[in-house]
Amino acid sequence: MHKHQKEIAALIIEPFVQGAGGMIVAPAGYLEQVRKLCSKYRILMIADEVATGFGRTGKMFACEHESVSPDILCIAKGITGGYLPLAATITTEDIYRAFLGEFRELKTFFHGHTYTGNQLACAAAIANIDLFKKKKPCKRCKRRSRSFEKNWIKQKSFIMLGISDRKVLWPGSNW
């Protein structure tokens, strides 16, 4: 990063676990160090939480495991509970303001998702977010995870993969 900091606009990362790379679990502290380096070299940090957001790692967003706030957060899938396709891009206030202006200024953030703006999907997302607020499923995750590990991991049809306290369940016995 140091050598190419003037050439790098942003770093895109799947926090906690890289699903696209074969379920590679990052070691504890990795994301926090990435954030520090991005801040140090003024490189935008973009967190792709399409697969990890909305409680899929035990926290609302995987970045929360290390108290990291990305500059741009990409979300999808879980926002509607998986019922309808919808995606969104969330930015810091500074980035939002940089693209705020009249159309004639051409400051628009010319980026959109294929699945953006469908009214039915947006209604599903609002309902899903309301459920997260009311039911607080992430608070129950730790207790349920311990119970699951104690009672179900003993089954031979699962293999537990993990680095220190980070674990991923991998179905199948021939891995």
Side-chain angles (χ1 to χ4, degrees), residues 1-82 84-101 103 105-118 121-122 125 128-129 132 137-139 141-142 145 159-170 175:
M1 284 183 150
H2 172 72
K3 184 177 179 181
H4 297 285
Q5 63 183 307
K6 298 212 189 286
E7 301 163 17
I8 302 171
L11 179 138
I12 303 171
I13 188 168
E14 286 182 290
F16 194 80
V17 60
Q18 185 184 22
M23 300 305 286
I24 300 169
V25 180
Y30 181 78
L31 189 63
E32 183 182 10
Q33 292 305 311
V34 167
R35 170 75 271 182
K36 285 179 182 177
L37 285 170
C38 285
S39 295
K40 179 179 179 177
Y41 295 114
R42 301 180 46 91
I43 295 169
L44 293 177
M45 180 183 167
I46 302 172
D48 174 353
E49 292 242 22
V50 169
T52 57
F54 291 90
R56 295 186 84 193
T57 64
K59 301 265 187 190
M60 187 64 164
F61 296 104
C63 287
E64 293 177 58
H65 287 281
E66 296 188 21
S67 302
V68 167
S69 293
D71 299 300
I72 299 175
L73 178 69
C74 302
I75 58 174
K77 293 182 184 177
I79 194 169
T80 66
L84 291 166
L86 183 68
T89 302
I90 302 166
T91 68
T92 61
E93 185 69 22
D94 287 344
I95 292 172
Y96 169 77
R97 295 242 175 254
F99 291 98
L100 189 61
F103 180 76
E105 296 176 85
L106 298 176
K107 293 174 73 177
T108 303
F109 188 51
F110 289 108
H111 170 73
H113 298 279
T114 304
Y115 299 118
T116 299
N118 177 282
C122 289
N128 188 49
I129 291 168
F132 267 90
C138 294
K139 285 190 175 190
C141 273
K142 201 170 230 172
S145 294
I159 296 171
M160 181 63 84
L161 305 176
I163 298 174
S164 65
D165 63 337
R166 296 171 179 238
K167 295 178 182 158
V168 174
L169 188 65
W170 194 269
W175 200 75

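- Between the CG atom in D48 and the CD1 atom in I13 there is a gap of 10.0 Å [rounded to 0.5 Å].
- Between the NZ atom of K139 and the NZ atom of K59 there is a distance of 10.5 Å, given to the nearest 0.5 Å.
- The residue from D71, I12, L11 that alone fulfils the side chain to side chain contact (heavy atoms under 4.5 Å, CB included) condition with L44 is D71.
- The shortest heavy-atom contact between N118 and A121 is OD1-N, 2.9 Å.
- Test E49, E64, H65 against T57 for side chain to side chain donor-acceptor pair (under 3.5 Å) and you get one pass: H65.
- For the residue pair I79 and N128, the shortest heavy atom distance occurs at O-ND2, 3.1 Å.
- In plain terms, the two heavy atoms of V17 and V25 that are nearest each other are CG2-CG2, 4.0 Å.
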Next on the checklist: Between S39 and M45, does the side chain to side chain contact (heavy atoms under 4.5 Å, CB included) criterion hold? Intermediate values first, please.
Outcome noted: CA-CA 8 Å; S39 295; M45 180 183 167; over 6 Å; no
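- Residue R35 qualifies as enclosed at atom CZ: its count of foreign heavy atoms under 6.0 Å is above 12.
- Of all heavy-atom pairs between F61 and G53, the closest is CD2-CA, 3.9 Å.
- With hydrogens and angles ignored, the 3.5 Å screen pairs a side-chain donor or acceptor of E66 with a backbone N or O of G29.
- Across V68 and E32, no two heavy atoms sit closer than the pair CG2-CA, 3.7 Å.
- For the side chain to side chain contact (heavy atoms under 4.5 Å, CB included) criterion with T89, the lone passing option out of I72, L73, I95 is I72.
- Between A47 and P15, the shortest heavy-atom distance links the atoms CB-CG, 4.1 Å.
- The distance from atom NZ of K6 to atom CD1 of I43, rounded to the nearest 0.5 Å, is 10.5 Å.
- Counting heavy-atom neighbours within 6.0 Å of F99 CZ, excluding the residue itself, gives a total above 12.
- A donor-acceptor pair under 3.5 Å is absent between the side-chain atoms of Q33 and the main chain of Y30, judged by distance alone.
- A donor-acceptor pair under 3.5 Å links the side-chain atoms of K107 to the main chain of L100, judged by distance alone.
- Here SG of C63 is found 5.0 Å from CG of L31. Values are rounded to the nearest 0.5 Å.
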